[in-house]
Amino acid sequence: MLFARLAQVSRDVAAAAARSRKTELLAELFRDAAADDVPIVIPYLAGRLPQGRIGVGWRVLSRAVPPAAGPALTVQEVDALLTELGAVSGPGAQAERTRIVGALMGAATEEEQRFLRGLLTGEVRQGALDAVAVEGLARATGADPARVRRAVMLAGSLQTVARALLAEGPGALERFGLTVGRPVLPMLAQSASSVAEAVRKLGACAVEEKLDGIRVQVHRDGDAVRVHTRTLDDITDRMPEVTAIARELAADQFVLDGEVISFGADGRPRSFQETAGRVGSRTDVAKAAGQVPVSPVFFDVLAVAGRDLLDLPFAERHAELARLVPEPMRVRRTVARGPKDIAEAERFLAETLARGHEGVMVKALAAPYSAGRRGAAWLKVKPVHTLDLVVLAAEWGHGRRTGKLSNLHLGARTADGGFAMLGKTFKGMTDVMLAWQTKRLRELAVEDDGWVVRVRPELVVEIAYDGLQRSSRYPAGVTLRFARVVRYREDKRPEEADTVEALLAAHPEVTP
DNA sequence: TTCCGACAGTGGGGTCGCAAT
DNA sequence: ATTGCGACCCCACTATCGGAA
């Protein structure tokens, strides 16, 4: 199949507003794909490379190459070049990557170049990713979309399911049950603004401490133990503490879901930055483990001793978990039977925060484990802080925010009467706010370099954030975690904005 | 007809590893 | 040694489509 066909379909998908139309366009293409092309075509149209990320980003792509006059590249040729690209390493790698990208881009038409750039940066922006591709695949093969989706979640891979489905038909789906040793997409949570709201919504529920670490899925099959992250990356080699613990548990086959986190000598959790740094260290794992040991803390079990527990209610899965995993390696929790237990749930949240944790997860006791879904059966509750900050500058947006000032540079007052930048945010704005702030900030503009518009520091905005973290980038030595706009405060003058001093005083656990 | 679940988009900061300087 | 880039951790929020109520 010609690569140009894919680029064309991607453009048509982007242009279609209705999701049903996008699905149909993808289905047409999948039906026409030859068996050898399927493992390539499917991920491409889901906006990903079958090779995963291959070391090419905006920098390499910024070197322009004139497009080819007509379409000639085949899907197989593109795939071969990208495989070659992914294997490049060692001295001279940058030049070699540039050479291969140049060869690829030089053989591509303008439209193919656009699609390739999207694939390589992971930003195809066609309004369709995995979920729509799954629908398209179901339509192309006549399979039940819900069953295809479930197979993809359990296989942890769209192209694996696609290949089997297109080769063998809907019967192939039976094969993709939960298999110990093969990672499953983890169940995700939505947010709730308070414990009371969460408990009222879910009824009988567990309230569990939410640890600020790295999500892990641990598989053991006899002596074979594997540890995977939320995106199913294999980090087994970096987690010797976790594999050792998994081998000591009293079952030789299981799949556990949990979090790894590092505790300090005082028993309190280390900062997310410290845990993440440890989990990211791979050159000298023994040394890193000596300095920052991590502990797994489990909250769910998906399989044990040959039994698949996914469809059991959480209450029953947790009973299995308690049998398998001893107390200190399980997340602390309390159970709320309904609204009458809200006070107890709130007490548990306060206690959890006092222990230095992030917040709580509220989970419906009746809910099955919905792999890969961000369902409403799990709700996270974290305390939210707010500040009144001053807009120092704004950046021009991209995609649907093109032509709008989007990303705000936020400043707090300093002792000398100036402002110290604390970070940026693009979150929380409605379209109306985007339009309003673009107009207002242009009135305040003092400089526009085409990327950043600097403004007179006069506009006050209320910002919500989850906490402070250390920063080497910003002048105060700290930055806001997950900053988002709540509302503009036109009733406030910049002299009334919050100060760096007050911010640091409110977060004594973080020192710049 | 209205409501709501699921998705995609729009990007944020930090850390590590690697290659280039 | 330092710097820049890319990958991958953590993530919030809004708009939109389309099925459910």
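Residue numbers begin at 1 in each chain, while the letters A, B, ... track the order of the sequences. What you see is a predicted model; the values in this text were computed from it and never measured.
Salt bridge absent: A/D237 and A/R282 never bring a charged side-chain N and a carboxylate O closer than 4.0 Å. Salt bridge A/R268/A/E509: absent, no basic N to carboxylate O contact under 4.0 Å.
Among the protein residues, A/A483 comes within range of no part of the nucleic acid, since none of its heavy atoms lies under 4.0 Å from any strand. Nucleic acid contact class of A/T275 (heavy atoms, under 4.0 Å, all strands): none. Within the nucleic acid shown, A/K210 comes within 4.0 Å of sugar-phosphate atoms alone, with no base atom in reach, counting heavy atoms only. Residue contacts for A/E123: at a heavy-atom cut-off of 4.0 Å it reaches no nucleic acid atom on any strand shown. Counting non-hydrogen atoms under 4.0 angstrom, A/E96 reaches nothing in the nucleic acid. Looking at heavy-atom distances under 4.0 Å, A/K380 makes contact with sugar-phosphate atoms alone, never a base.
In terms of position on DNA chain B, the residue among A/F272 and A/A133 whose nearest nucleotide sits closer to the 5' end is A/A133. Annotation: of the two residues near DNA chain B, A/E274 and A/A95, the 5′-most nearest-nucleotide partner is A/E274. In terms of position along DNA chain C, the nucleotide closest to A/V485 lies nearer the 5' end than the nucleotide closest to the other residue of the pair A/V485 and A/R21. The 5' end of DNA chain C is approached more closely, in terms of each residue's nearest nucleotide, by A/K427 than by the other of A/K427 and A/A18.
Both the sub-6.0 Å distance and the 45° axial angle are not jointly satisfied by A/R440 relative to the ring of A/Y488.
Between the side chains of A/R270 and A/T275, no donor N or O sits under 3.5 Å from an acceptor N or O.
Nucleotides of DNA chain B with any atom under 4.0 Å from a heavy atom of chain A span, from 5' to 3', B/dA6 to B/dA20. Taking a heavy-atom distance under 4.0 Å as the criterion, the stretch of DNA chain C touched by chain A extends 5' to 3' from C/dC5 to C/dG18.
A donor-acceptor contact shorter than 3.5 Å is absent between the side chain of A/S10 and the backbone of A/L6. Proximity of a side-chain donor or acceptor of A/E358 to a complementary backbone N or O of A/K382 within less than 3.5 Å is not detected.
Remark: A/H409 engages A/E395 in a side-chain hydrogen bond (donor to acceptor under 3.5 Å, both in side chains) (not counting sequence neighbours).
Residue A/I261 is tested with A/I214, A/V294, A/V216, A/V297 for a side-chain contact (heavy atoms from CB on, under 4.5 Å); the sole match is A/V297. Put simply, the residue from A/I54, A/I100, A/D79 that forms a side-chain contact (heavy atoms from CB on, under 4.5 Å) with A/E84 is A/I100.
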